[in-house]
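These notes are about the structure you will find just below.
Numbers here are sequence positions counted from 1. The shown structure was predicted, so the numbers you read here are calculated from the model rather than taken from an experiment.
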Amino acid sequence: LCTGIRVMDFRERDGYVEVVTGEGVEKAKFLVISCGVKDRLPFKVINPFTRDRLGLCIQVDAPSKVDARGENWIFYGEKYSPFGYAWIFPKDKVTSIGLGALISHIKSNLRLYLAKLKEYHEFDLNKARFHPVPLSGPIKNIATRRVLLVGDSAGHVSPITGEGIKYAMFAGREAAKAISMALRGDISVKNVRTVYLKGLSKTVFPDLRIGRMLMRIVERRMLKSSGL
């Protein structure tokens with residue numbers, strides 16, 4: 001088991017996958033990739049996400065207030081996000097404060113929107129960090145015979161809420177199932193992709209499909225109300 005080692009590249013061979021790391025080359029029967037959309041590895045399997053299928057989040061962590069009481073705050077409206085929502089999520093010792101928006105609708109610096117949340121919780125705006133998020137809905141070409149994408153790298157994020165952890169866990173389970181079946185000899189290697197996608201069609205894709213549909217409805221209504 002190797003941890004803390006960056007994977008630089010991979011090459012799918014006949015019978016195995018070569019995984020290139022900063023410390024050398026490893027061989028594996030299968031490779032599961034789970035990373036953010038800024039990483040280039042997934043783009044050897046899928047095409048890069050376009051602007052209309054990407055969201056951008058900005059978030060900062062600050063010491064939690066004593067009176068936070070674990071209440072999650074959600075803020076809707078153009079005051080807090082050009083196309084999305086903002087949040088204040090108290091945790092044990094820190095509170096996460098941030099917002100997200102569809103990149104194609106961002107016309108000004110998101111820091112200006114984030115600063116408005118200081119009315120509810122103090123934080124250091126200079127410590128805010130940006131994170132792109134895929135909002136594509138279901139993607140089918142996220143696996144080859146021996147390489148499977150999971151999580152953000154596969155677009156497993158709700159287009160309407162930006163939630164991704166739950167779907168990444170579901171997808172990881174389906175990937176493990178498919179690979180385990182192949183290692184046991186229950187299915188052939190060429191069927192791993194099919195079994196993986198079939199599992200996703202029951203556990204992940206339905207929510208993503210509905211989320212994408214709702215996002216399009218909201219986007220059309222916003223464009224109509226603005227006269228565009």
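Taking the ring centroids of Phe75 and Trp87, they lie at or beyond the 6.0 Å cut-off. Here the two rings, on His105 and Phe83, have centers that are under 6.0 Å apart.
The pair Asp9-Lys44 counts as a salt bridge, with a side-chain nitrogen and a carboxylate oxygen less than 4.0 angstrom apart. Checked for salt-bridge contact, Arg146 and Glu12 miss the test: no charged N lies under 4.0 Å from a carboxylate O.
When each of Val195, Asn191, Val192 is paired with Met181, the side-chain contact (heavy atoms from CB on, under 4.5 Å) condition holds for Val195 and for no other. Residue Phe10 is tested with Val45, Thr21, Val20 for a side-chain contact (heavy atoms from CB on, under 4.5 Å); the sole match is Val45.
We find the NE2-OG distance between His121 and Ser64 to be 5.5 Å, quoted to the nearest 0.5 Å. Between Leu31 atom CG and Ile179 atom CD1 the span is 8.5 Å, to the nearest 0.5 Å.
In terms of hydrophobic clustering, with Ile, Leu, Val, Met, Phe, Trp and Tyr side chains grouped at heavy-atom distances under 4.5 Å, Leu110 and Leu125 are assigned to a common cluster. Criterion: ILVMFWY side-chain heavy atoms under 4.5 Å apart, direct or through other members. Under it, Val147 and Ile187 are part of a common hydrophobic cluster. Put simply, Leu148 and Leu183 are part of the same group of oily side chains (I, L, V, M, F, W, Y) that touch within less than 4.5 Å, one to the next.
Counting heavy atoms from C-beta on, the side chains of Lys116 and Lys79 come closer than 4.5 Å. Leu54 is not listed as a side-chain neighbour of Thr50, based on a closest heavy-atom distance of 4.5 Å or more. Here the side chains of Leu197 and Ile142 are in contact, with some heavy-atom distance below 4.5 Å.
More than 12 heavy atoms of other shown residues, nucleotides or ligands fall within 6.0 angstrom of atom NZ in Lys118.
Donor-acceptor pairing under 3.5 Å is recorded for the side chains of Lys91 and Ser96.
A distance-only check finds a donor-acceptor pair linking the side chain of Arg53 to the backbone of Ser136 [under 3.5 Å].
Using bins of under 30°, 30° to 60° and over 60° for the plane-to-plane angle, the ring pair Tyr85/Tyr76 lands in the tilted bin.
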